[in-house]
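So the structure is just underneath, and the comments pick up after that.
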Amino acid sequence: VQLQASGGGLVQAGGSLRLSCTASGTLRSPNVMGWYRQAPGKQRELVATMTSGGSTNYADSVKGRFTISRDNAKITVSLQMTNLKPEDTAVYYCMVYSVMYYWGQGTQVTVSS
């Protein structure tokens, strides 16, 4: 399984961005798709995940601001980010768990104050 992420960029605080990730290959069900992020000097942390059955999990810091969605037929997962804050600045990684973990290449999100 290979993951290709897109989106990200530079935005002012309060702005919005959308990340998308497409998986190539075959995923076994059940599986989990989602996003993690890593800020400079910090550990990688969960942002949001969604199971193939539709259950979601969000980090407390993004609840109410970020929305995860997925298209099982197209094997894509997206992250709509609104009301972005400078502390959201990080490299965002797409993740798939299907028997094992797969990671995308990471995309930079920078939020200026």
Side-chain angles (χ1 to χ4, degrees):
V1 175
Q2 292 186 325
L3 304 176
Q4 182 66 47
S6 61
L10 174 63
V11 66
Q12 289 187 333
S16 300
L17 284 173
R18 184 178 180 86
L19 305 180
S20 294
C21 178
T22 300
S24 60
T26 302
L27 299 184
R28 296 184 181 182
S29 293
N31 57 69
V32 182
M33 300 184 77
W35 297 89
Y36 282 66
R37 67 187 181 187
Q38 187 167 17
K42 295 187 177 181
Q43 290 187 332
R44 190 173 297 189
E45 63 176 5
L46 179 147
V47 177
T49 61
M50 191 171 191
T51 70
S52 49
S55 297
T56 59
N57 184 35
Y58 291 93
D60 287 342
S61 60
V62 307
K63 284 180 180 177
R65 301 188 298 121
F66 292 10
T67 303
I68 191 170
S69 60
R70 61 182 285 173
D71 184 327
N72 289 335
K74 297 180 180 179
I75 322 180
T76 61
V77 61
S78 298
L79 185 69
Q80 181 66 46
M81 305 182 291
T82 62
N83 190 21
L84 283 160
K85 303 176 181 180
E87 52 263 43
D88 294 318
T89 295
V91 177
Y92 284 68
Y93 295 92
C94 174
M95 179 280 299
V96 167
Y97 179 78
S98 175
V99 181
M100 60 181 286
Y101 283 96
Y102 300 90
W103 296 93
Q105 80 279 16
T107 184
Q108 178 71 44
V109 171
T110 302
V111 185
S112 63
S113 57

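This structure is a prediction, so every number in the text was calculated from the model and none was measured. Residue numbers run from 1 in the order of the sequence given.
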Completion exercise
In Leu84, Leu10, Leu17, the residue satisfying side-chain contact (heavy atoms from CB on, under 4.5 Å) with Val111 is Leu84

Problem - side chain to side chain contact (heavy atoms under 4.5 Å, CB included) between Leu27 and Ile75, intermediate numbers included - result: CA-CA 8 Å; Leu27 299 184; Ile75 322 180; 3.4 Å; yes

Exercise for the section: Give a yes or no answer on whether the side chain of Ser98 reaches the backbone of Arg28 with a donor-acceptor pair at less than 3.5 Å. Expected result: yes

Handout entry: Distance, nearest 0.5 Å, that separates SG of Cys21 from CE of Met33
Key = 5.5 Å

Exercise for the section: Write out all pairs satisfying salt bridge (Lys or Arg N to Asp or Glu O under 4.0 Å) with one or both partners inside residues 88-113, taking only residues at least two apart or from two chains. Expected result: Arg37-Asp88, Arg65-Asp88

Problem - Residue pair Lys85, Ser61: steps toward the side chain to side chain contact (heavy atoms under 4.5 Å, CB included) verdict - result: CA-CA 10 Å; Lys85 303 176 181 180; Ser61 60; over 6 Å; no

Handout entry: Audit row: Val32, Val96, side chain to side chain contact (heavy atoms under 4.5 Å, CB included) steps and yes/no
Key = CA-CA 6 Å; Val32 182; Val96 167; over 6 Å; no

Problem - Exercise: identify the closest heavy-atom pair between Ala13 and Ser113 - result: CB-CA, 4.3 Å

Handout entry: OH-CD distance between Tyr93 and Gln38, expressed to the nearest 0.5 angstrom
Key = 5.5 Å

Problem - Shared hydrophobic cluster for Trp35 and Phe66 (ILVMFWY, side-chain gaps under 4.5 Å) - result: yes

Problem - Plane angle bin for Trp103 and Tyr101 - parallel if under 30°, tilted between 30 and 60°, otherwise perpendicular - result: parallel

Handout entry: Reported OH-to-OG1 distance for the pair Tyr97 and Thr51, which is rounded to 0.5 angstrom
Key = 13.5 Å

Problem - Residue pair Ile68 / Val77, side-chain heavy-atom distance below 4.5 Å - result: yes

Exercise for the section: Step through the shown structure and confirm whether more than 12 heavy atoms of other residues, nucleotides or ligands are within 6.0 Å of CD on Gln2. Expected result: no

Practice task
List the steps, then state whether side chain to side chain contact (heavy atoms under 4.5 Å, CB included) holds for Met81 with Leu19.
Solution key: CA-CA 8 Å; Met81 305 182 291; Leu19 305 180; 3.7 Å; yes

Exercise for the section: Working to the nearest 0.5 Å, report the span between CZ of Arg18 and OG1 of Thr67. Expected result: 9.0 Å

Handout entry: Shortest non-hydrogen contact from Leu3 toward Tyr102
Key = CD1-O, 3.5 Å

Exercise for the section: Flag yes if Tyr36 and Tyr92 sit in one hydrophobic cluster, no otherwise; membership is Ile, Leu, Val, Met, Phe, Trp, Tyr, and two members link when side-chain heavy atoms are under 4.5 Å apart. Expected result: no

Handout entry: Rounded distance (nearest 0.5 Å) linking atom OG of Ser69 with atom CE of Met50
Key = 7.0 Å

Practice task
Please round to the nearest 0.5 Å and tell me the distance separating atom CG of Asn57 and atom CG of Leu46.
Solution key: 5.5 Å

